[in-house]
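Side chains included, hydrogens not; waters and symmetry mates left out as well; all remaining heavy atoms used. From a predicted model like this one, the values you see are computed outputs, not experimental measurements.
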Protein chains: 2
Amino acid sequence: MRSSIKLTGSLEDYLEAIYLLAKDKSEVRITDIAVFMNLSKPSVNRAISNLKANALLEHERYGTIKLTEDGILLAKEIYFRHETLTKFFIENLGIDPEIAQNDACKIEHIISHQTLNKLVAYMNKII
Amino acid sequence: MRSSIKLTGSLEDYLEAIYLLAKDKSEVRITDIAVFMNLSKPSVNRAISNLKANALLEHERYGTIKLTEDGILLAKEIYFRHETLTKFFIENLGIDPEIAQNDACKIEHIISHQTLNKLVAYMNKII
DNA sequence: AATAAAAGTTAGCCTAGGTTAACATTTATT
DNA sequence: AATAAATGTTAACCTAGGCTAACTTTTATT
């Protein structure tokens, strides 16, 4: 596996957003991402260039955005971390869903593999 | 309480480091912090100015550094978050101490109050 | 087809937080 | 006391990631 690409937290957020948007809409556009993430289009534009340079998505000038296989893989990984954390916060700790989402969204970028894995194991054990 | 000062994660790290250094050494100097945090002295220097501007510490040109009451309060709060997370990672999840420290050190800056509080409650309940 | 609207891009600015190189000051040593 | 060493400061640079304003391109409407 070549998933050794190490993105910044910010770029991981963009990737995750594109992944989520692509689930509903067939076409993902810069404006969609900007609206979804509540960021300016130029900010999104630059992030897209960056992700493209990392071969995580395809994008032609003025065109639509499509994740590559690598992009999808990485996005799924990030999203899994997000879901795992959210689930733990809500189900085990009893955090308000909105706050749980928010915390997960920040922690998903910095938590280590070991900690995430152990958290998954822990949740399965407790049930 | 006027602990409504909102620092960046980076500044929280500096504050925590100063707090920990001040426990052992009577005098804390810029060089001590730079060595401890493995950062350059100019970086520390600027951070100190910033913390001083926030009334969290006292520092005179070429002199030593001393946390104010506010600074100590806030540092303790940050350190408590750190300890809580580390404890949870090690004792509940079984994470290697070094990784636990590392993860705690990053998460302590972004975890919400509610989540931290609920985590504390959860740990007391489980025992 | 012409024009208006929407979408995308570029340029340039800002902040935070790191760096190194050079300089100033203080402290220690000879 | 003079000099060397350690410490602290300043200036200038870099990167990442936001932003707005202005411009280009595409798409939709009249």
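- Atom pair B:I48:CD1 and D:dT10:P shows a separation of 14 Å (rounding to whole Å applied).
- When the nearest nucleotides of DNA chain C are assigned to A:T64 and A:R46 by heavy-atom distance, the more 5′-ward of the two goes with A:T64.
- Across all strands, B:S10 comes closer than 4.0 Å only to sugar-phosphate atoms, never to a base (heavy-atom distances).
- For B:I30 and A:P42, each mapped to the nucleotide of DNA chain D holding its nearest heavy atom, the one lying further toward the 5' end belongs to B:I30.
- Side-chain N/O atoms of A:T31 include none lying less than 4.0 angstrom from OP1 or OP2 on C:dA6.
- Checking side-chain atoms of B:N117 against main-chain N and O of B:H113 turns up a donor-acceptor pair under 3.5 Å.
- Counting non-hydrogen atoms under 4.0 angstrom, A:S40 reaches a base of the nucleic acid.
- By the rule that hydrophobic residues join a cluster once side-chain heavy atoms approach within less than 4.5 Å of another member, B:L93 and A:L93 end up as members of one cluster.
- Rounded to a whole Å, the NZ atom of A:K41 is 14 Å from the P atom of C:dT10.
- Note: the hydrophobic cluster containing B:I126 also contains B:L119 (ILVMFWY, side chain heavy atoms under 4.5 Å, direct or indirect links).
- Atom CG of B:D13 and atom P of C:dG17 are 10 Å apart (whole Å).
- Whole-Å rounding puts the B:N50 CG to C:dT15 P distance at 13 Å.
- Distances were taken from every side-chain heavy atom of A:Y14 (C-beta onward) to each of C:dT25, D:dT24, D:dG18; the shortest belongs to D:dG18.
- Panel note: side chain B:T86, backbone B:A104; no donor-acceptor pair is recorded below 3.5 Å.
- Distances were taken from every side-chain heavy atom of A:L39 (C-beta onward) to each of D:dC19, C:dG8, C:dG17; the shortest belongs to D:dC19.
- Cluster membership check: A:F88 does not share its hydrophobic cluster with B:I90, using side-chain heavy-atom separations under 4.5 Å among Ile, Leu, Val, Met, Phe, Trp and Tyr.
- Closest contact between the side chain of A:N45 and the listed nucleotides C:dG18, C:dA24, C:dG8 involves C:dG8.
- Closest-nucleotide positions on DNA chain C for A:H59 and B:S43 were compared, and the one nearer the 5' end corresponds to A:H59.
- Rounded to whole angstrom, the span from the NZ atom of A:K6 across to the P atom of D:dT15 amounts to 20 Å.
- Between the CG atom of B:L7 and the P atom of C:dG17 there is a distance of 9 Å, given to the nearest Å.
- Protein atom CD1 of A:I33 is 13 Å distant from nucleotide atom P of D:dG18, rounded to whole Å.
- Ranked by how close their nearest DNA chain D nucleotide is to the 5' end, B:R29 and A:R61 are led by B:R29.
- To the nearest angstrom, C1' of C:dT9 lies 13 Å from NZ of A:K52.
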